[in-house]
Amino acid sequence: MQDDERRGILLATAGFATLSVGDAVIKTMAGEWSPLAVATLRFAIGAVALSALLMRSEGPAGFRPSHPWLQAARGFCLAAASLCFFSAIYVMPLASAMALAFVSPVFVALLSGPLLKEKVRPAVWIASLVALAGVALVLRPNLAALGWVALLPLASASFFALMVVANRASAGQGSALSMQAFIATAAMPWLVLAMLGGHWSGVDELRVTMPDWTVIARCAVVAVTASTAHWLTYLGTMRAGAATIAPTTYIQMLVATFLGWWWFGDIPDLATLAGAGIIIAAGLLLWRFTPAARPVVAKGKDD
C-alpha cells in the first residue's frame with residue numbers, strides 16, 4: 001500500500017470518528033432544547049460559514065446554481081434526514097440509532113435503479129435481504145420500548161439515500177464548496193418550518209425557548225466537528241479513492257458504541273450488536289461488488 005493511501009485511510013477514519021463525536025454532543029442536549037431547534041441552529045451556523053467561504057473563494061457567481069430545483073431537493077432531503085436522526089438520538093441509544101442509519105447504502109443502491117436508471121445488480125438484492133435481517137434484530141427491543149419513534153433512524157436513512165442520489169444527479173455542476181454551501185442553505189427554510197411547526201404543535205419537548213448558552217455552544221461545536229469531519233473524509237478520498245476509504249465509515253459504529261457506554265451508560269444487548277454487525281456486513285457486501293465509479297470533473301463557469 002502506498003503512503004498516500006495509508007494517509008487517506010487514516011484521514012477518512014479520523015473524519016468518520018469525528019462525526020460520531022458530534023452525534024454524542026447532540027445527545028447531551030436531550031431534554032434541554034427541542035431537537036428541531038438544535039438541527040436548525042447547527043445548520044444555520046454551517047450555512048453562514050460555508051456561504052462566507054464561498055463568497056471569498058468564488059464571489060457572487062458561486063451562488064448561481066445551474067439547477068436550482070435540484071439544489072432545493074438536496075436541501076429538503078438533508079433537512080429531513082437531519083431532523084429524523086437528531087430526534088432519534090434524543091430518545092434512543094446512540095449505537096442503535098447509528099446501526100439503523102447504516103442501512104442508507106442499501107437504500108442508495110435500490111433507489112439508484114428507478115431514479116438514476118442504473119442497473120440494480122443481484123448483489124444489491126442479496127445485501128438488502130441481509131440488511132433487513134439486521135434491522136429486525138436492532139428494532140426488536142427498541143420498537144417494543146419506544147413504539148414508532150424507533151423507526152426515525154430508518155426514515156433518516158431513507159432521506160439520506162435520496163440526498164446521495166440527488167448528489168449524484170448534480171455531480172459536475174459546481175465546486176465541492178459550492179455544492180456544500182447550496183445544500184446547507186437550501187435546507188434552512190425546511191428546518192425553520194419544522195422548528196416552528198414543532199413549537200406550535202403543543203408538544204412540550206418541541207417547544208422552542210431561549211436556550212442556555214451552553215446549548216448554543218454545543219451546537220457550534222457540532223457544526224465545527226461536522227465540517228472538520230467532512231473535510232477530513234474529503235482529503236482521505238482525494239488521497240486513497242472513494243472505494244478504498246468506503247469501509248472506514250463503519251468506525252462510526254465503534255465510536256458511537258463506546259461513547260454511548262462511556263457518556264450515557266447505554267450498553268447494547270447482544271441482539272443489537274448482532275443486528276449492527278449484519279447491517280455492516282450488508283454494506284461491505286455492497287462495497288465489495290460495486291464497480292469503481294469513473295471520476296467526475298466539476299464544470300467551470302465557462303464550460
Side-chain angles (χ1 to χ4, degrees), residues 7-50 78 81-105 138 152-153 156-157 160 163 180 183-184 187 191 211-237 240 245-268 272-273 276 279-280 283:
R7 292 192 189 98
I9 291 171
L10 288 174
L11 287 168
T13 300
F16 288 123
T18 304
L19 282 175
S20 285
V21 174
D23 293 336
V25 173
I26 292 168
K27 190 172 177 63
T28 66
M29 291 181 268
E32 295 186 44
W33 210 30
S34 162
L36 310 184
V38 170
T40 302
L41 181 55
R42 174 260 179 268
F43 280 100
I45 294 170
V48 170
L50 287 168
L78 173 62
S82 301
L83 291 168
C84 290
F85 190 71
F86 280 33
S87 300
I89 59 179
Y90 261 42
V91 297
M92 292 178 66
L94 191 57
S96 298
M98 185 67 70
L100 293 172
F102 274 136
V103 181
S104 61
V138 177
L152 281 172
S156 176
F160 185 82
M163 183 189 76
Q180 285 188 293
I183 194 171
L191 291 167
D212 184 78
W213 72 268
T214 60
V215 171
I216 298 175
R218 278 175 280 176
C219 287
V221 168
V222 174
V224 171
T225 56
S227 297
T228 302
H230 289 305
W231 181 245
L232 288 171
T233 54
Y234 172 77
L235 291 176
T237 304
I245 65 101
T248 65
T249 185
Y250 295 112
I251 192 68
Q252 289 180 257
M253 186 67 210
L254 296 176
V255 176
T257 302
F258 171 75
L259 291 177
W261 163 75
W262 178 64
W263 214 334
F264 309 105
D266 295 332
I267 302 176
T272 299
L273 292 175
I279 293 170
I280 290 172

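Only heavy atoms go into these numbers, but all of them, side chains included; no hydrogens, no water, no symmetry mates. Positions are given from 1 along the sequence.
Among all heavy-atom pairs drawn from Val138 and Ser96, the shortest one is CG1-O, 3.9 Å. Between Thr249 and Phe102, the shortest heavy-atom contact is O-CZ, 3.7 Å. Residues Ala101 and Ala157 come closest through the heavy atom pair O-CB, 3.7 Å. Taking every heavy atom of both residues into account, Leu36 and Leu83 meet most closely at CD2-CD2, 3.6 Å. Contact record, Thr233 with Ala12: CG2-O, 3.9 Å, taken as the closest heavy-atom pair. Between Ala97 and Met92 the shortest heavy-atom distance is N-CE, 4.1 Å.
To the nearest 0.5 angstrom, Met29 atom CE is 9.0 Å from Thr214 atom OG1. With values rounded to the nearest 0.5 angstrom, Ser34 atom OG is found 11.5 Å from Leu41 atom CG. Taking CH2 of Trp231 as the start and CG of Leu11 as the end, the distance is 11.0 Å to the nearest 0.5 Å. To the nearest 0.5 angstrom, Lys27 atom NZ is 11.5 Å from Trp263 atom CH2. Here the CG-CG distance, from Leu152 to Leu100, works out to 10.5 Å after rounding to the nearest 0.5 Å. In this structure, CZ on Phe43 lies 7.0 Å from CG on Leu191, to the nearest 0.5 angstrom.
Annotation for Phe86: atom CZ counts as buried by contact number, over 12 foreign heavy atoms lying within 6.0 Å.
The aromatic rings of Trp262 and Phe258 lie parallel to each other, with less than 30° between the two planes, well short of the 60° mark.
The shortest side-chain heavy-atom distance between Phe85 and Met98 falls under the 4.5 Å cut-off. Residues Met163 and Ile183 have side chains in contact (heavy-atom distance under 4.5 Å, counting atoms from C-beta outward). Under the 4.5 Å side-chain criterion, counting only non-hydrogen atoms from C-beta, Thr225 is not in contact with Val25. Taking 4.5 Å as the limit, some side-chain heavy atom of Tyr90 sits within range of a side-chain heavy atom of Ile26. At least one side-chain heavy atom of Thr28 sits under 4.5 Å from a side-chain heavy atom of Phe264. Leu254 places a side-chain heavy atom less than 4.5 Å from the side chain of Ile251.
With hydrogens and angles ignored, the 3.5 Å screen pairs no side-chain donor or acceptor of Ser87 with any backbone N or O of Cys84. Looking only at distances, no side-chain donor or acceptor of Ser227 sits under 3.5 Å from a matching main-chain atom of Val224.
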Next item on the list: Determine, step by step, whether Val255 and Phe16 satisfy the side chain to side chain contact (heavy atoms under 4.5 Å, CB included) criterion, reporting the C-alpha distance in whole Å, the side-chain angles of both residues, the deciding distance to 0.1 Å, and the verdict.
Entry: CA-CA 9 Å; Val255 176; Phe16 288 123; over 6 Å; no
